[in-house]
Amino acid sequence: MSNRSEASGRFEVLGENGFVVSDDAARIDLDVVHGYLTRSYWSEGISRATVERACRHSLVLGVYSADGAQVGFARVITDRTSFAYLCDVFVLESHRGKGLSKWLMEVLLAHPDLQGLRRFSLVTKDAHGLYAQYGFTPLKNPGGYMERHDPDVYRRR
């Protein structure tokens, strides 16, 4: 079902109806990703330059339809050894209800660069049920978690 191309080093999984999940950063359609993220609750108003820089420094997975159009996305900030932070996960509204978000999570968690991690974190406002299906739980020690949070950073730039 999955393969890592020896020539390119890329990881791709072919799915039903011609859908593909790929970690090829060159395939990411920044217009699609920026268009979605700028209207999302977690990064409203984010600049295209910030999205581009974030993608360049992360493991990114795109979901593509049979015609090659990008219809989903996930970004993982990781050292590929001990820690990963999952963010910016979406499937375009026009492609929801097809099981693509679950499939994207299955492929992402099977990615060779994300095996053997000590900690895999994420933050969500409304998708707890989805992520719980893949072993994500509330923090066991929330008192140990600290952050510097600036929710208006994109609006000030």
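These numbers were taken from a predicted model, which means no experiment stands behind them.
Hydrophobic cluster membership is shared by Leu37 and Val153, with clusters built from Ile, Leu, Val, Met, Phe, Trp and Tyr side chains linked at under 4.5 angstrom. Follow the hydrophobic side-chain contacts under 4.5 Å out from Leu109 and you never reach Ile77; the two are in separate clusters. Put simply, Val123 and Leu130 are part of two different groups of oily side chains (I, L, V, M, F, W, Y) that touch within less than 4.5 Å, one to the next. When the side chains of ILVMFWY residues are joined at heavy-atom separations under 4.5 Å, either directly or via intervening members, Val63 and Tyr134 end up in a single hydrophobic cluster. Follow the hydrophobic side-chain contacts under 4.5 Å out from Val107 and you reach Phe136 in the same cluster.
Partners of Asn17 according to the side chain to side chain donor-acceptor pair (under 3.5 Å) rule, which considers only residues two or more places apart in sequence or in another chain, do not exist here. Not a single salt bridge (Lys or Arg N to Asp or Glu O under 4.0 Å) links Asp126 to another residue, sequence neighbours left out.
Val51 approaches His34 most closely through the heavy-atom pair CG2-CD2, 3.9 Å. When every heavy atom of Lys140 is checked against every heavy atom of Thr137, the shortest pair comes out as NZ-OG1, 3.2 Å. Of all heavy-atom pairs between Ser40 and Ser43, the closest is OG-OG, 3.1 Å. Scanning all heavy atoms of the two residues, the minimum distance from Leu100 to Phe19 falls at CD1-CE2, 3.8 Å.
Checked by atom type and distance alone, the side chain of Asp79 pairs as donor or acceptor with a backbone atom of Ser82 at under 3.5 Å. Checking side-chain atoms of Gln70 against main-chain N and O of Gly72 turns up a donor-acceptor pair under 3.5 Å. At distances below 3.5 Å, not a single donor-acceptor pair connects side-chain atoms of Gln133 with backbone N or O atoms of His128. Put simply, the side chain of Asp23 gets close to the backbone of Phe11: a donor and an acceptor are under 3.5 Å apart.
Note that CG of Leu86 is 11.0 Å distant from OG of Ser58, once rounded to the nearest 0.5 Å. Between Ser121 atom OG and Tyr131 atom OH the span is 13.0 Å, to the nearest 0.5 Å. In this structure, CD on Glu52 lies 12.0 Å from CD1 on Ile46, to the nearest 0.5 angstrom. A distance of 11.0 Å separates CZ of Phe120 from OH of Tyr85, quoted to the nearest 0.5 Å. Separating the CG atom in Leu117 from the OG1 atom in Thr81 is a distance of 8.0 Å, to the nearest 0.5 Å. Separation of atoms CG (Leu61) and NE2 (His111) is listed at 5.5 Å; rounding is to 0.5 Å.
Residues Phe73 and Val32 have side chains not in contact (no heavy-atom distance under 4.5 Å, counting atoms from C-beta outward). Contact check for Leu59 versus Leu114: side-chain heavy atoms found under the 4.5 Å cut-off. In this structure the side chain of Asp31 reaches within 4.5 angstrom of the side chain of Arg48, judged on heavy atoms. At least one side-chain heavy atom of Val13 sits less than 4.5 Å from a side-chain heavy atom of Trp103.
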**Request:** Show your working on side-chain contact (heavy atoms from CB on, under 4.5 Å) between Tyr64 and Asp24 and close with a plain yes or no.
**Result:** CA-CA 11 Å; Tyr64 305 93; Asp24 185 353; over 6 Å; no

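Heavy-atom contacts from other residues, nucleotides or ligands closer than 6.0 Å to CZ of Arg56 number more than 12.
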Can you list, pair by pair, the side-chain donor-acceptor contacts under 3.5 Å of residues 87-97, counting residues two or more places apart and other chains?
residue : atom : partner : partner atom : Å
Asp88   : OD1  : Trp42   : NE1          : 2.8
Asp88   : OD2  : Arg75   : NE           : 2.8
Asp88   : OD2  : Arg75   : NH2          : 3.1
Glu93   : OE1  : Arg39   : NH2          : 3.4
Glu93   : OE2  : Arg39   : NH1          : 2.9
Arg96   : NE   : Val91   : O            : 2.8
Arg96   : NH2  : Tyr36   : OH           : 2.8
Arg96   : NH2  : Val91   : O            : 3.1

